[in-house]
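All ligand and atom numbering here is 1-based and tracks the order in the structure.
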Amino acid sequence: MREYNFKEIEKKWQEKWEKDNIFKTENNVNGKENYYVLSMLPYPSGKLHVGHARNYTIGDVISRYKKMKGFNVLQPMGWDSFGLPAENAAIQHGTHPAIWTKSNIENMKRQLKLMGFSYDWEREIASYLPEYYKWNQWFFKRMYEKGLVYKKKSLVNWCPDCQTVLANEQVEDGKCWRHSKTDVIQKELEQWFFKITDYADELLEGHEEIKDGWPEKVLTMQKNWIGKSFGTELSFRVLETNEQLPVFTTRVDTIYGASYLVVAPEHPIVEKILAKNPALKEAVQNMKNTDLIERSAEGREKNGIDTGWKVENPISKELIPLWIADYVLMNYGTGAVMGVPAHDERDNAFAKKYNLPIIPVIEAPEGEDPFGYNGKMINSELINGLSPKEAIEKMGNLVEEMGIGKRTTKFRLKDWGISRQRYWGTPIPALHCEKCGTVLEKDENLPVLLPNDIEFTGNGNPLETSEKFKNATCPCCGGPAKRDTDTMDTFVDSSWYFLRYCDPKNTEQA
Ligand code: ANZ
Ligand code: ZN
Ligand code: ZN
């Protein structure tokens with residue numbers, strides 16, 4: 001038996017395929033139906049691993065099968081080539097991210113070719129090239145014009161030694177990856193956002209269209225991520241300031257069981273409390289410095305601070321204490337929660353830890369826990385005897401009639417923070433002019449190119465070190481303006497690459 005000499009045989013055929021250019025795909029071929037096989041584009045880390053080989057083999061098998069079945073098959077390949085590793089390599093080894101990235105791409109492309117995959121290499125794209133990222137900037141402008149891009153303050157991980165923002169991956173046990181003794185703190189910065197929450201309902205409705213074919217598990221994950229939630233927003237009066245403090249609750253039926261009210265440490269009322277009681281400042285600051293992912297982890301021990309203030313329950317008129325706690329997040333609902341320890345598991349753990357009253361207002365059926373919707377209301381003057389679902393309905397109406405609140409819908413989905421204080425990404429095409437404020441670069445001046453006069457020291461945002469980049473001309477008044485030094489999250493690049501393959505060389509038309 002002769003051995004299969006793959007080196008010889010594969011080389012021979014791969015050369016012939018290349019010579020005959022058999023994987024080139026025309027947009028339209030007479031009499032053939034189009035078929036698009038899209039594998040996710042890789043990050044050019046340096047060399048292929050077995051996961052790549054597996055993944056891209058599957059796509060290639062489908063492509064070849066469809067081609068043999070007579071389809072006009074498009075199977076493209078490209079490079080998701082902005083991002084942190086290239087910048088870290090620059091900091092650690094002094095190589096420019098572009099050089100590191102380019103040589104990684106060359107090597108991985110050589111390896112993909114050795115595998116004999118049937119890609120149309122004429123359509124190859126790479127997101128780090130200006131001809132690609134120009135369009136990120138163009139999309140940014142179109143969305144800005146439609147009010148789908150905006151700026152707001154939000155929290156970032158900050159290393160005081162690096163004087164820079166850190167990605168979550170660069171925070172190890174609450175310390176900086178480069179400074180193992182330095183605590184990473186949460187700092188507020190102005191950042192750019194895409195208003196994806198405008199599409200929350202449309203995303204949910206879209207599930208109908210992909211129901212057949214997508215695994216149930218994936219759809220559930222998507223649903224939870226969008227997190228549509230029906231509830232009531234209603235206000236408690238703060239005794240000390242006489243202001244109304246709104247909470248968001250999905251269980252307005254349990255209002256008679258509220259034994260404390262609790263706000264996030266970032267809640268605006270906390271500033272007023274600290275002004276009266278500065279002794280709480282340090283505890284509040286410590287709470288704010290815990291990162292949000294950790295704070296919302298399930299089962300984590302909950303920490304609270306008693307403010308000494310009181311609020312009035314708008315239904316029972318009872319006075320209950322106002323607390324600050326880490327398990328309440330500012331970016332969901334109103335950042336304030338009525339604590340019902342008898343019927344909510346998190347509130348229950350919190351109340352037990354701090355000895356707060358636990359008042360049952362639902363009698364659950366024999367053998368059932370009290371955290372669900374079964375049973376009937378007790379200790380609840382206006383709604384006694386009702387089922388919790390009926391009580392939600394009745395209390396919802398009451399709250400609206402009394403004018404102390406309203407039914408609302410909230411989403412877990414957040415707007416997408418796309419700002420990165422990094423070099424290796426698409427420059428945000430915005431400028432700041434003393435006269436005109438924040439303005440966007442003109443279309444005809446796109447792309448706004450990444451500058452080359454940069455030093456990668458690891459300190460600060462590298463773009464801030466380029467005078468050439470920072471000092472620019474205002475597109476509105478022609479005066480001096482400072483270019484925005486944020487770059488875009490690399491997920492912006494990979495949000496539309498599948499479209500670019502269809503017309504990969506187009507430099508003008510949108
Ligand atoms: C009182 C209550 C009683 C609640 C009860 C639940 C059970 P979903 O379903 O995810 O929307 N909540 C509201 N805002 C919050 C925030 N910013 N951070 C942490 N928790 C928050 O969850 C809604 C419930 O989560 C709300 O209903 C509120 O607790 C809490 F027996 O209000 B509930
Ligand atoms: Zn550091
Ligand atoms: Zn101007």
Side-chain angles (χ1 to χ4, degrees), residues 91 157-166 170-172 175-185 224-234 236 246-267 292 295-296 298 302 325-348 350-351 358-362 364 369-373 375 377 388 391-392 395 408-414 431-441 457-460 472-482:
I91 295 167
N157 301 314
W158 180 263
C159 171
D161 283 345
C162 295
Q163 283 292 302
T164 193
V165 176
L166 302 181
Q170 295 174 311
V171 182
E172 295 159 3
K175 312 275 183 199
C176 170
W177 65 307
R178 295 176 62 226
H179 302 100
S180 61
K181 292 196 177 66
T182 308
D183 280 324
V184 173
I185 61 170
N224 292 341
W225 176 66
I226 298 166
K228 188 173 189 172
S229 182
F230 300 98
T232 308
E233 210 176 289
L234 82 162
F236 287 60
V247 302
F248 172 68
T249 176
T250 48
R251 296 300 304 269
V252 73
D253 54 322
T254 63
I255 185 146
Y256 288 94
S259 57
Y260 63 99
L261 196 143
V262 60
V263 297
E266 296 84 7
H267 195 285
L292 289 177
R295 264 170 60 183
S296 42
E298 220 169 298
K302 291 148 189 61
D326 54 2
Y327 75 98
V328 180
L329 306 175
M330 193 56 221
N331 64 2
Y332 185 62
T334 61
V337 176
M338 62 178 204
V340 183
H343 303 291
D344 179 272
E345 289 181 78
R346 287 177 308 170
D347 299 345
N348 193 270
F350 190 76
I358 301 177
I359 310 157
V361 291
I362 300 169
D369 74 45
F371 302 120
Y373 286 92
M377 305 308 304
I392 289 175
M395 201 39 83
T408 70
T409 308
K410 303 275 184 211
F411 290 93
R412 288 268 163 201
L413 184 68
K414 299 286 173 302
L431 303 103
H432 306 281
C433 169
E434 292 217 343
K435 266 205 247 157
C436 316
T438 299
V439 287
L440 297 196
E441 187 52 90
T457 58
N459 291 330
T473 307
C474 173
C476 291
C477 70
K482 187 176 174 290

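The pair K482-E434 does not meet the salt-bridge criterion, since no charged nitrogen lies less than 4.0 angstrom from a carboxylate oxygen. Using a 4.0 Å cut-off between charged side-chain N and carboxylate O, D183 and K175 make a salt bridge.
In this structure, atom 10 (O) of ligand 1 lies nearest to the protein heavy atom R412 NH2, 2.6 Å. In this structure, the protein non-hydrogen atom closest to atom 18 (N) of ligand 1 is L329 N, 3.1 Å. Looking only at protein heavy atoms, the nearest one to atom 31 (F) of ligand 1 is H343 O, 2.9 Å. The nearest protein atom to atom 25 (O) of ligand 1, hydrogens excluded, is given as R346 NH2, 3.5 Å; this is a heavy-atom distance. At the top of the distance list for atom 6 (C) of ligand 1, counting protein heavy atoms only, stands D344 OD2, 3.3 Å. Nearest non-hydrogen protein atom to atom 24 (C) of ligand 1 is T250 OG1, 3.9 Å.
Which parts of ligand 1 touch T249 is read off a 4.0 Å heavy-atom cut-off, strictly below it: atoms 1 (C), 2 (C), 26 (C), 27 (O), 32 (O), 33 (B). In summary, the atoms of ligand 1 found under 4.0 Å from a heavy atom of V337, numbered by their order in the structure, are 12 (N), 13 (C), 14 (N), 15 (C), 16 (C), 20 (N), 21 (C), 28 (C), 29 (O). Which parts of ligand 1 touch V340 is read off a 4.0 Å heavy-atom cut-off, strictly below it: atoms 1 (C), 3 (C). Applying the 4.0 Å criterion to heavy atoms of F248 picks out, from ligand 1, the atoms 11 (O), 13 (C), 26 (C), 28 (C). Proximity to T254 (heavy-atom distance under 4.0 Å) selects the following atoms of ligand 1: 3 (C), 31 (F).
Residue R251 has no nitrogen or oxygen atom sitting less than 3.5 Å from a nitrogen or oxygen atom of ligand 1, judged on distance alone.
For M338, the closest heavy-atom approach to ligand 1 falls below 4.0 Å. The closest approach between Y327 and ligand 1 falls below 4.0 Å for a heavy atom of the residue. Heavy atoms of S229 come nearer than 4.0 angstrom to ligand 1 in at least one pair.
Within the 4.5 Å cutoff, the side chain of T250 has heavy atoms near those of the S229 side chain. Annotation: side chain of D253 is in contact with side chain of I362 (closest heavy-atom distance under 4.5 Å). Side-chain contact between W158 and V184 is absent, with no heavy atoms from C-beta onward closer than 4.5 Å. Side-chain atoms of C162 and H179, non-hydrogen and from C-beta on, do get closer than 4.5 Å to each other. Contact annotation: the side chain of V340 never approaches that of I255 to less than 4.5 Å [non-hydrogen atoms, C-beta and beyond]. With contacts defined as side-chain heavy-atom distances shorter than 4.5 Å, the pair P265/D326 does not qualify. Side-chain contact between Y327 and D347 is present, with heavy atoms from C-beta onward closer than 4.5 Å.
For the pair L166 and Q170, the tightest heavy-atom approach, listed with the atom from each and the gap, is CA-OE1, 3.4 Å. Smallest separation of non-hydrogen atoms from P341 and Y260: CG-CE2, 4.0 Å.
Checked by atom type, the side-chain pair H432/T438 shows a donor-acceptor distance below 3.5 Å.
In H179, the N, O or S atom that comes nearest to the Zn ion (ligand 2) is ND1.
With a 4.0 Å cut-off on non-hydrogen atoms, V328 touches ligand 1 through its backbone as well as its side chain. Residue contacts with ligand 1, taken as heavy atom pairs separated by less than 4.0 Å, do not involve M330 at all.
Residue contact annotation: C476 places no N/O/S atom under 2.8 Å from the Zn ion (ligand 3).
In this structure, F248 and Y332 have perpendicular ring planes: the angle between them is above 60°, well past the 30° mark.
Our summary of the site lists the angle at the Zn ion (ligand 2) between SG of C176 and SG of C159 as 110°, to the nearest 10 degrees. Seen from the Zn ion (ligand 3), atom SG of C436 and atom SG of C477 lie 110° apart in angle, a value rounded to 10°.
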